[in-house]
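The first residue of the sequence shown is numbered 1, and numbering continues consecutively from there.
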Amino acid sequence: MASGKQNSVLSMSLIITGNMIGAGILATPVIIGLSGLVPALMGTIATWFLMTISALIISNQKIFSEDNTSDLPALYHKELGAWGRWIAVAANMLILYGMLIAYLSGVNGIAASVTAHSIPSWLVIVPFFLLAGSISIFGTSVMTKGNNLFMALLWVGFLAMIIMASPRVDLTRFSYMDWPFLPSTVPVVITAFCFHQVIPMVCHSLQNDKKSIHSAILIGSSLGLAMNLAWIVVVTGVVPVGGSGTATLVYAFEKNLPVTIPLAQLIASPWLTTAALFFASMAILTSYITLGTATINFLKDLTEKPRLSIFLAFLPPLAAALVYPDIFLRAINIVGGIGLDLLFGIFPAYLLLRYGMKGTRWFGRLMMIAFFIVLILEIGQECGVLSIRPGVESWNPLTDY
C-alpha cells in the first residue's frame, strides 16, 4: 500500500474513531455500568461486533462507487423505494439531529459541573456551536486536519484521566452484576459504536478501494472499542453504583450527566477534574465536527442545495438544545434504540439477507432478530409499556465508602 494511501486510511480511521468517541463514550459507562462490569464488557463487545459488521455491509454497496456524490439517502431510495426512502430519511434525521442536540446538551452539562456559579446555558452552547459548526462547514479536508489534531488532544486527556483514576479502582466493585438491566443499556452502546453516517465520505475519500475502506473501518472501530473497554473498567471500578451523595452512577443516570462528572467529584483532584473536562470537551468536539460534516453532506444529497443544507444541518439542533439543555442521556437513548437500530442495525441486516452469499445469510437473520429485540424494548420503554430499572438495591451502599 502506498504511503499516501496509508496516510489516507489512517486519517479516515481517526475520523471513524472521532465519530465514535463522543457523547457515546461519555454516556456508556453511566448506563451500562449499572449492569456491572462483566455484563458491561460482554454487552459492549457484542454490540461493537454487530455494529462493525453492519458498517462493512453498508460500505460494500455499489452505489457509492457508481456516484462519487451519493450519500445515504440515495442508498435508501435505491433499496427501499420512494416510501421507504422517506421513512429512512426521517429516521436518519432523528439520528443526526438527536446526536447534535446531545452534544450541545453534553457541553452544557460539563460546563455546569465545573463552574461555581450558575451561568445561562446559551453562554456555553452558542460559543461551542460557533466553533464546531464553523469547522464542519469548511468541508472534509479542513475537518480531517482539525479532527486529527483534536483526536491527538483527546488521547492525551483520555490517557491522563485513565492514569490518574486507575489507582482508585476498587476490585470489589467488579463483583456486582445486574444481568436483567443489560438489555436496556444496548441503545446507548449502539450510539457509542455508530460511525455509519461518515461511511459515504470514507468511501469517496478512499476512492472506493474496498481493502482500504475495510481497513479504515476495522482500525477505527477497534480503537473505539479499546477506549470504551478501558473506560468502562476504570469507571465501574472507581464510581459506585448507588449510595448517598451525587458521585454515583445512579445519580448521573437520573440527572442526565456525562460520566466524567461523578468521576471528577469522587476523586476530587484538580488535575483529574481538568483532565476530565479536557477529555469530555475533546470527545464531544471531535464527534460534533465529524457528524456535522456528515449532516451537511446528507442534506446536500437530499435537497441538492448546499447553502440551505448548512442552515438545516445546524439551526434546528441549536434551537432544540437551547430549549432543552439537560436532555443528554435521554437524547442518546432514543437515537440509539430507534434511529440507529433501524438504519444501521435492521437495514444492513436486510442488505445482507438480500445480497449476501448463502453462507452469510444466516448471520443476517441473527442480526435482524437482535436489532428487532432492541427496537421493541426501546419503544416499550419510551411508551411506558415496559420499565427496566437498575437493581441497585442488591448493592450494599456501605461498601461504596
Using the ring of each side chain (for Trp, its six-membered ring), is F129 parallel, tilted or perpendicular to Y288, with breaks at 30° and 60°? perpendicular

For S221 and F195, work out which heavy atoms get closest and say how close. CB-CE2, 3.9 Å

Side chain to side chain contact (heavy atoms under 4.5 Å, CB included) assessment of W155 paired with L223: CA-CA 11 Å; W155 272 98; L223 284 172; 4.2 Å; yes

Report yes if some heavy atom in the side chain of I25 is under 4.5 Å from a heavy atom in the side chain of M20; otherwise report no. no

Quick one: do M282 and V156 satisfy side chain to side chain contact (heavy atoms under 4.5 Å, CB included)? Show the steps, please. CA-CA 10 Å; M282 289 298 103; V156 170; over 6 Å; no

Might you point out which heavy atoms bring K210 and N60 nearest each other, and give the distance in Å? NZ-CA, 3.6 Å

Do I45 and F49 come close enough that some side-chain heavy atom pair is under 4.5 Å? no

So do the side chains of F64 and S59 get within less than 4.5 Å of each other, counting heavy atoms only? no

Closest non-hydrogen contact found for L37 with T236 is CD1-OG1, 3.4 Å

S11 versus L14: any side-chain heavy-atom pair under 4.5 Å? no

Side chains of Y251 and Q265: do they bring a donor and an acceptor to under 3.5 Å? no

Heavy-atom closest pair, residues D341 and F372: OD2-N, 4.4 Å

Can you check side chain to side chain contact (heavy atoms under 4.5 Å, CB included) on V234 and S166, steps first, answer last? CA-CA 6 Å; V234 169; S166 293; 4.0 Å; yes

Heavy atoms, side chains only, cut-off 4.5 Å: are I219 and H214 in contact? no

Closest approach of P29 and V259, non-hydrogen atoms and distance? CB-CG2, 3.9 Å

I'd like to check H196 versus L343 (side-chain heavy atoms, cut-off strictly below 4.5 Å). Are they in contact? no

Could you pull out all residues at least two apart from Y76 that satisfy ring-ring contact (aromatic ring centres under 6.0 Å, His included)? F347

Quick one: are S281 and F278 in side-chain contact, heavy atoms under 4.5 Å? no

Side-chain donor/acceptor of S205 to backbone N/O of V202, under 3.5 Å: no

Just wondering, do V241 and T248 contact through their side chains at under 4.5 Å, heavy atoms? no

Is there a donor-acceptor contact under 3.5 Å from the side chain of T185 to the main chain of F181? no

Would T52 and W48 count as a side chain to side chain donor-acceptor pair (under 3.5 Å) if you check the C-alpha gap in whole Å, the side-chain angles of each, and the deciding distance to 0.1 Å? CA-CA 6 Å; T52 301; W48 164 81; 3.2 Å; yes

Whether the side chain of S105 engages the backbone of I101 through a donor-acceptor N/O pair (distance < 3.5 Å, no angle test) should be reported. no

Check this for me: R307, atom CZ, are more than 12 non-hydrogen atoms of other residues, nucleotides or ligands nearer than 6.0 Å? no

More than 12 heavy atoms of other residues, nucleotides or ligands under 6.0 Å from CH2 of W179: is that the case? yes

How far apart are the closest heavy atoms of V9 and S212, and which atoms are they? CG2-CB, 3.7 Å

Set out, in order, the CA-CA distance, both residues' side-chain angles and the distance that settles side chain to side chain contact (heavy atoms under 4.5 Å, CB included) for F344 and I57, then state yes or no. CA-CA 10 Å; F344 303 129; I57 293 171; over 6 Å; no

